[in-house]
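Presented below is the structure to which this report refers.
Within every chain, numbering begins at 1; the chains are lettered A, B, ... in the order of the sequence lines, protein sequences first and strands thereafter.
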2 protein chains.
Amino acid sequence: MSSSSENLGRRGKSPHSGLDAQEPDEALSKQAWALLFELMSAHMRNFPALAAEFELSPVQAHVVRQLGEGPLAMSTLANYLSCDASNVTGLVDRMEARGLVERRSSEQDRRVKMLVLTEAGAALRERLLERMAEPPELIAALADEDLRALRDIMRRALRPQ
Amino acid sequence: MSSSSENLGRRGKSPHSGLDAQEPDEALSKQAWALLFELMSAHMRNFPALAAEFELSPVQAHVVRQLGEGPLAMSTLANYLSCDASNVTGLVDRMEARGLVERRSSEQDRRVKMLVLTEAGAALRERLLERMAEPPELIAALADEDLRALRDIMRRALRPQ
DNA sequence: TATTGTTATACTCTATAACTATA
DNA sequence: TATAGTTATAGAGTATAACAATA
């Protein structure tokens, strides 16, 4: 499971230095990742409680969030959720019963059903997103300098040109 | 060569706070948090699949990880999992049936049952932790400079003073 | 009386397999 | 025949409430 065995220019991963490396240092990325993971684990553990503030299950909260981008086919949603399509039926049943989403038959392909948020669903989404946008204490307490650096690093990570 | 896009003459203060220079900028922390959240969401979505590599449910993987620190009372574990104690019974039943953990009655208080990893459980934990320590592609691909900055920022976030 | 863990019950999420209605 | 969604079934995670053993 060694990833990319063609690190030819790699200066080896000497335990200490790695000062002149052009290539990412494996030990360094593990250190950074471990800390990032620690911080995020602590936060993600609260997600069920956060969703419950809106009387949503964690998965339902995720769906509400995804659905804001526009109508989605059931199968596409199953894909986003990394789950079997059969599960989406019951999931959407419950959300539809609560008046959060609507099924609309596609006119191009009448097998397909498109999901859209109802007005109530969209309103709830607004509140949910606002709540989720609140940074956890540990982040909010960082100095501006660190926040700016963090933002820029995340931008580079997410949009790797 | 990096940077420069944000040093617009503002010395990093919020748009209208004017004088007070030491307070973190709320908009900035939200930006950083949104990006961090985006990256971690993408990664956390794979966690069930990662756990499944070891034939563990996500929660079981979490338990295996926690249990490595030493024996835990059932109630303590329930606390870590942020769930009701009644759930831990069935959870541990299944893990015990697979030979991963053991219940041991505490001798100080015979109501309490301490959980410990079996030898097989500890071995599996080693492999699991190693797997979880692998940084996702988006992180591993960052430049050393960014990784070092990220690591240091996370250290400051996690150990405030 | 209070606490630890269990049992009973119910709901949600998840997977697999068989089915329907379209295509 | 193949695909989108449904239904049926089963297992796991979760919550609440009632209970036994122990403190």
Side-chain angles (χ1 to χ4, degrees), chain A residues 41 44-67 71-98 100-116, chain B residues 41 44-67 71-98 100-116:
Chain A
S41 299
M44 292 299 190
R45 217 170 301 147
N46 296 342
F47 189 69
L50 190 156
E53 292 175 22
F54 302 87
E55 296 179 275
L56 295 172
S57 74
V59 177
Q60 287 171 345
H62 197 215
V63 171
V64 166
R65 185 160 158 264
Q66 284 288 352
L67 229 46
L72 283 187
M74 306 273 286
S75 56
T76 308
L77 183 56
N79 236 338
Y80 282 156
L81 297 175
S82 306
C83 77
D84 191 88
S86 63
N87 300 312
V88 178
T89 298
L91 179 62
V92 169
D93 282 350
R94 291 182 285 272
M95 296 182 71
E96 202 170 27
R98 268 193 56 190
L100 297 176
V101 303
E102 250 182 47
R103 283 169 162 101
R104 291 188 192 159
S105 277
S106 165
E107 290 170 7
Q108 285 86 15
D109 183 340
R110 285 175 29 214
R111 293 172 302 181
V112 174
K113 287 177 188 165
M114 304 301 290
L115 296 177
V116 290
Chain B
S41 299
M44 292 299 189
R45 217 169 302 147
N46 296 342
F47 189 68
L50 189 155
E53 292 175 23
F54 302 88
E55 296 179 274
L56 295 172
S57 74
V59 177
Q60 286 171 345
H62 197 216
V63 171
V64 166
R65 186 162 157 263
Q66 284 288 352
L67 230 45
L72 284 186
M74 306 273 285
S75 56
T76 308
L77 183 57
N79 236 339
Y80 282 157
L81 297 176
S82 307
C83 77
D84 191 87
S86 62
N87 301 310
V88 178
T89 298
L91 179 62
V92 169
D93 282 350
R94 290 184 284 272
M95 296 182 71
E96 202 171 27
R98 268 194 57 189
L100 297 176
V101 303
E102 251 183 45
R103 283 169 162 101
R104 289 188 193 158
S105 277
S106 164
E107 290 170 6
Q108 284 85 14
D109 182 338
R110 288 179 20 219
R111 293 172 302 181
V112 174
K113 287 177 188 166
M114 303 301 290
L115 296 178
V116 290

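Between A/Asn79 atom CG and C/dA15 atom C1' there is a gap of 16 Å when expressed in whole angstrom units. We find that CG of A/Leu91 is positioned 5 Å from P of C/dC13, with the value rounded to whole Å. Rounded to an integer number of Å, the gap from CE of A/Met114 to C1' of C/dT22 is 17 Å. D/dG5 atom C1' lies 15 Å from atom CG of A/Leu72, rounded to whole Å. As a whole-Å value, the separation of B/Lys113 NZ from C/dT7 C1' is 12 Å. Distance B/Arg94 CZ to D/dA10 P: 17 Å, rounded to the nearest Å. Taking atom CZ of A/Arg104 as the reference point, atom P of D/dG5 lies 15 Å away to the nearest angstrom. Rounded to whole Å, atom C1' of C/dT7 lies 13 Å from atom CE of B/Met74.
The residue from B/Val59, B/Leu115, B/Val63 that alone fulfils the side-chain contact (heavy atoms from CB on, under 4.5 Å) condition with B/Met95 is B/Val63. Under the salt bridge (charged side-chain N to carboxylate O under 4.0 Å, His left out) rule, B/Glu96 has a single partner from B/Lys113, B/Arg104, B/Arg103, which is B/Arg103. Of the listed residues (B/Thr89, B/Leu91, B/Asp84), just one forms a side-chain contact (heavy atoms from CB on, under 4.5 Å) with B/Asn87, and that residue is B/Asp84.
Regarding contacts with the backbone of D/dA12, every side-chain N or O of B/Arg98 stays at 4.0 angstrom or more from both OP1 and OP2. Between A/Ser75 and D/dT3 there is no side-chain N or O to OP1 or OP2 distance below 4.0 Å.
Listed for the B/Gln60 side chain is a donor-acceptor partner under 3.5 Å among the backbone atoms of B/Ser57.
Distance from the side chain of B/Val112 is smallest to C/dT4 among C/dC13, C/dT6, C/dT4.
With respect to A/Asp93 and A/Arg98, no salt bridge is recorded, no charged nitrogen being found less than 4.0 Å from a carboxylate O.
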Reading nucleotides 16-23 of chain D from 5' to 3' and marking B where a protein heavy atom lies under 4.0 Å of the base, S where only the sugar-phosphate is that close, and - otherwise, the string is BB---BBS

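Residue contacts for A/Thr89: at a heavy-atom cut-off of 4.0 Å it reaches a base atom on one of the strands shown.
The two residues A/Val116 and A/Leu67 make their nearest non-hydrogen contact at C-CD2, 4.3 Å.
Residue pairs meeting the salt bridge (charged side-chain N to carboxylate O under 4.0 Å, His left out) criterion with at least one partner in residues 45-63 of chain A, sequence neighbours excluded, are A/Glu53-A/Arg131.
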